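In what follows, a single structure is set out as C-alpha cells and then discussed.
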Amino acid sequence: REVHRDEILCIIFNAQGTRCITTDKSGLIGVWKADDKGRLTPMCQYRKQGALDKVAFRTRTLQGTHHDNPPFFVGGESGQIYLADDFGLC
C-alpha cells in the first residue's frame with residue numbers, strides 16, 4: 001500500500017526493530033509495524049505542515065523505565081516538534 005507520494009526524508013526503526021517511522025517533504029508521517037522478516041505494514045499516518053526530516057523515539061519513561069511501545073518526536077522545517085504514537089495521537 002502506498003503511503004508517501006513525495007520524497008522520503010527520514011526512515012528510522014525503534015531499538016527492537018519492530019516499528020518504523022517514515023517522513024517526507026510534504027509533512028506526512030508514516031508509522032509502520034515490522035515483522036520478524038522485516039516486512040512493513042502501515043499502522044497509521046499523520047499530516048503536518050512542511051518537510052519533516054527529524055525523528056527520535058522516546059525510549060524511557062519519566063520514571064526511567066523502558067517503553068514497550070515508545071512514542072516518538074518528529075520535527076522539521078516549520079520549527080515545530082510533535083510527540084506522537086502508534087495509536088493516532090499526535
Side-chain angles (χ1 to χ4, degrees):
R1 183 174 124 187
E2 184 178 331
V3 173
H4 295 283
R5 295 175 188 246
D6 284 306
E7 178 183 351
I8 295 173
L9 300 177
C10 185
I11 301 172
I12 187 170
F13 282 85
N14 67 345
Q16 297 79 14
T18 56
R19 290 174 47 234
C20 177
I21 308 300
T22 56
T23 64
D24 69 26
K25 69 183 208 174
S26 74
L28 184 71
I29 304 164
V31 181
W32 307 79
K33 180 180 178 181
D35 68 15
D36 56 354
K37 294 184 179 180
R39 293 177 293 216
L40 298 175
T41 303
M43 295 178 68
C44 64
Q45 302 175 38
Y46 303 103
R47 173 133 343 246
K48 299 298 178 186
Q49 292 288 54
L52 299 168
D53 60 351
K54 312 287 188 286
V55 179
F57 281 97
R58 180 179 180 185
T59 56
R60 293 190 179 266
T61 66
L62 294 175
Q63 294 76 29
T65 59
H66 286 281
H67 279 287
D68 289 333
N69 203 12
F72 54 92
F73 296 94
V74 180
E77 73 179 358
S78 73
Q80 298 270 350
I81 298 174
Y82 303 99
L83 176 62
D85 62 21
D86 298 359
F87 309 107
L89 301 174
C90 184

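What you see is a predicted model; the values in this text were computed from it and never measured.
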| Is the CD1 atom of Ile8 crowded by more than 12 outside heavy atoms at less than 6.0 Å? | yes

Separation between [atom1] of [X] and [atom2] of [Y], rounded to the nearest 0.5 Å:
X     : Y     : atom1 : atom2 : answer
Lys48 : Glu77 : NZ    : CD    : 15.0 Å
Asp53 : Lys25 : CG    : NZ    : 12.5 Å
Ile29 : Ile21 : CD1   : CD1   : 8.0 Å

| Are Leu9 and Phe57 connected in a single hydrophobic cluster, I mean Ile/Leu/Val/Met/Phe/Trp/Tyr linked by side-chain heavy atoms less than 4.5 Å apart? | no

| query | Are Leu28 and Leu40 connected, step by step, through hydrophobic side chains (Ile, Leu, Val, Met, Phe, Trp, Tyr) whose heavy atoms are closer than 4.5 Å? | reply | yes

Nearest atoms (heavy-atom pairs only) where [X] meets [Y]:
X     : Y     : answer
Trp32 : Gly30 : CD1-O, 3.5 Å
Ala84 : Tyr46 : CB-CE1, 3.9 Å
Arg5  : Asp24 : N-OD2, 4.4 Å
Cys10 : Val55 : SG-CG2, 3.8 Å
Ala34 : Gly17 : CB-O, 3.4 Å

| Backbone N/O of Gly50 and side chain of Ser78: donor-acceptor pair under 3.5 Å | no

| task | Give every residue pair that meets the side-chain hydrogen bond (donor to acceptor under 3.5 Å, both in side chains) criterion with at least one member in residues 34-43, sequence neighbours excluded. | result | Asp35-Arg39

| said: Asp86: which residues meet the salt bridge (charged side-chain N to carboxylate O under 4.0 Å, His left out) condition with it, sequence neighbours left out? | reply: Arg19

| said: If the condition is side-chain hydrogen bond (donor to acceptor under 3.5 Å, both in side chains), which residues does Asp6 pass it with, not counting sequence neighbours? | reply: Ser26

| Taking Phe72 as the fixed residue, which of Val31, Ile12, Leu83 is the one that meets the side-chain contact (heavy atoms from CB on, under 4.5 Å) rule? | Val31

